[in-house]
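Everything below concerns the one structure shown next.
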Amino acid sequence: MSAVPTHVYVTTHAADQAGKVGIAAFDSIRIQQHRREGWALYRALLLPSLEDARKVEGAVLRRLKADGRAGYVPSARMRQGGYSETVSLDRVPRGELWDLVVSAARDVAAEEDRSRVVLFLARGGERALFVGTDRPAGVSWSSPESEAGDFLAGEGCSVYAANTTAAEAETALRELRAWAARTAAHDIKTLLHEALDRPEELQVALRHAYRLADPADAAFKTARIALGVPLLSVSYG
């Protein structure tokens, strides 16, 4: 679940009185390409992933195009490409262009926070392993807690959890399913009525339930590694 840190940048061209917004990976030569054509870097914001950078750039460009302010520099003058992302600095001063980038980045970060879920893994008794996703309980988005985890803890399970995005959780669960196939761990979700008193409360949050192979300690450890997400032991009460 690796992410490539990516800049959203604003460059300017003094002779053309032009500005440009764009994205560049942390180790790319995109900025150097602009500099060779007379552009100067104004500011750059490093985001944790290419996906986030594209969202920010897209939001800024949609705003500029809606106002008819994009595509200022003719394509023939942009040998390095990116003419559709240019604006006139007379219409959009560089500070205003940068403010649009910062505002869009805040919106993307807020949307990312809203998509955060809890990925939890709970070991019950000697052999049962429960895995799922849920919204964090309460108002704290930084606390690795969930209602389902609370319920499982009440049933005597040792619960581990981490805040993730929905996409990260799906990737982790896919890796866990691959682990189960490799280790021949038996999916026992259909048998939860035998393990829990009120399984209907977990129908949404609980994604998988496995019967661990012996030795259970070793199997549990490999399951945690397979998830690929750092998990913290969570105490409820």
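Below, each value reflects all heavy atoms present in this structure, side chains not excepted, and no hydrogens, waters or symmetry copies. For this chain, numbers begin at 1 and follow the sequence in order.
- Between atom OH of residue Tyr210 and atom OG1 of residue Thr183 there is a gap of 8.5 Å, rounded to the nearest 0.5 Å.
- The shortest distance between side-chain heavy atoms of Arg30 and Gln80 falls below 4.5 Å.
- Placement of Leu46 and Trp98 in two distinct hydrophobic clusters is found when ILVMFWY residues are connected by side-chain heavy-atom separations under 4.5 Å, directly or transitively.
- Under the 4.5 Å side-chain heavy-atom criterion for grouping Ile, Leu, Val, Met, Phe, Trp and Tyr, Tyr72 is not connected to Leu97 through any hydrophobic cluster.
- Atom OG1 of residue Thr86 and atom CG of residue Leu64 lie 9.5 Å apart, to the nearest 0.5 angstrom.
- Side-chain contact between Leu100 and Val10: absent, with no pair of heavy atoms (C-beta onward) separated by less than 4.5 Å.
- For the atom pair Leu119 CG and Leu231 CG, the distance stands at 6.0 Å (nearest 0.5 Å).
- Under the 3.5 Å distance criterion, with hydrogens and angles disregarded, no donor-acceptor pair is assigned to the side chains of Thr12 and Trp39.
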Take Leu212 and Phe220, measure what side chain to side chain contact (heavy atoms under 4.5 Å, CB included) needs, and give me the verdict at the end. CA-CA 7 Å; Leu212 293 171; Phe220 182 69; 4.1 Å; yes
Determine, step by step, whether Val21 and Thr11 satisfy the side chain to side chain contact (heavy atoms under 4.5 Å, CB included) criterion, reporting the C-alpha distance in whole Å, the side-chain angles of both residues, the deciding distance to 0.1 Å, and the verdict. CA-CA 7 Å; Val21 62; Thr11 57; over 6 Å; no
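- Asp214 has its side chain within reach of Arg127: a pair of non-hydrogen atoms, C-beta onward, lies under 4.5 Å apart.
- Shortest non-hydrogen contact noted between Ala70 and Val87 is CA-CG1, 4.3 Å.
- Residues Met78 and Tyr42 do not share a hydrophobic cluster, defined by chaining ILVMFWY side chains whose heavy atoms lie under 4.5 Å apart.
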Yes or no on side chain to side chain contact (heavy atoms under 4.5 Å, CB included) for Lys55 and Val8, after CA distance, side-chain angles and deciding distance? CA-CA 10 Å; Lys55 289 179 181 178; Val8 180; over 6 Å; no
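- Trp179 places a side-chain heavy atom less than 4.5 Å from the side chain of Thr222.
- Within the 4.5 Å cutoff, the side chain of Val229 has no heavy atoms near those of the Glu168 side chain.
- In this structure, Arg224 satisfies the cation-pi test against Tyr160, with its NZ or CZ atom closer than 6.0 Å to the six-membered ring centre and inside 45 degrees of the ring normal.
- Environment of CD in Glu51: sparse, with no more than 12 heavy atoms of neighbouring residues, nucleotides or ligands closer than 6.0 Å.
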With side chain to side chain contact (heavy atoms under 4.5 Å, CB included) as the criterion, how do Glu57 and Glu85 come out once you've worked through the C-alpha distance, each side chain's angles and the decisive distance to 0.1 Å? CA-CA 9 Å; Glu57 180 192 40; Glu85 303 157 358; 3.4 Å; yes
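- Atom NZ of residue Lys65 and atom OG of residue Ser84 lie 5.0 Å apart, to the nearest 0.5 angstrom.
- Looking at every heavy atom in both residues, Ala223 comes nearest to Leu129 through CB-CD2, 3.8 Å.
- Residues Ser49 and Asp52 share a closest heavy-atom pair of OG-N, 3.1 Å.
- For OH of Tyr83, the number of neighbouring non-hydrogen atoms (other residues, nucleotides, ligands) closer than 6.0 Å is 12 at most.
- The pair Asp90-Arg69 does not meet the salt-bridge criterion, since no charged nitrogen lies less than 4.0 angstrom from a carboxylate oxygen.
- Side-chain atoms of Thr164 do not come within 3.5 Å of backbone N or O of Ala162 as any donor-acceptor pair.
- Criterion: ILVMFWY side-chain heavy atoms under 4.5 Å apart, direct or through other members. Under it, Ile23 and Leu41 are not part of a common hydrophobic cluster.
- Looking at every heavy atom in both residues, Gly81 comes nearest to Lys20 through O-CE, 4.2 Å.
- Across all their heavy atoms, Gly124 and Cys157 have their closest contact at CA-SG, 3.6 Å.
- Side chain to side chain, Gln32 and Arg35 fail the donor-acceptor criterion of an N or O pair below 3.5 Å.
- With a 6.0 Å radius and a threshold of 12 heavy atoms from other residues, nucleotides or ligands, Arg177 has its CZ atom above the threshold.
- Between Arg54 atom CZ and Leu47 atom CG the span is 13.0 Å, to the nearest 0.5 Å.
- Between Asp107 and Val56 there is no side-chain heavy-atom pair separated by less than 4.5 Å.
- Distance check, rounded to the nearest 0.5 Å: CD of Glu96 to CG of Leu89 gives 10.5 Å.
- Aromatic rings of Tyr9 and His34 (six-membered ring for Trp) have centroids within the 6.0 Å cut-off, being under it.
- Closest approach of Ala105 and Leu45 over heavy atoms only: CB-CD2, 3.6 Å.
- Salt-bridge check for Arg174 with Glu170: failed, with every basic side-chain N at 4.0 Å or more from each acidic carboxylate O.
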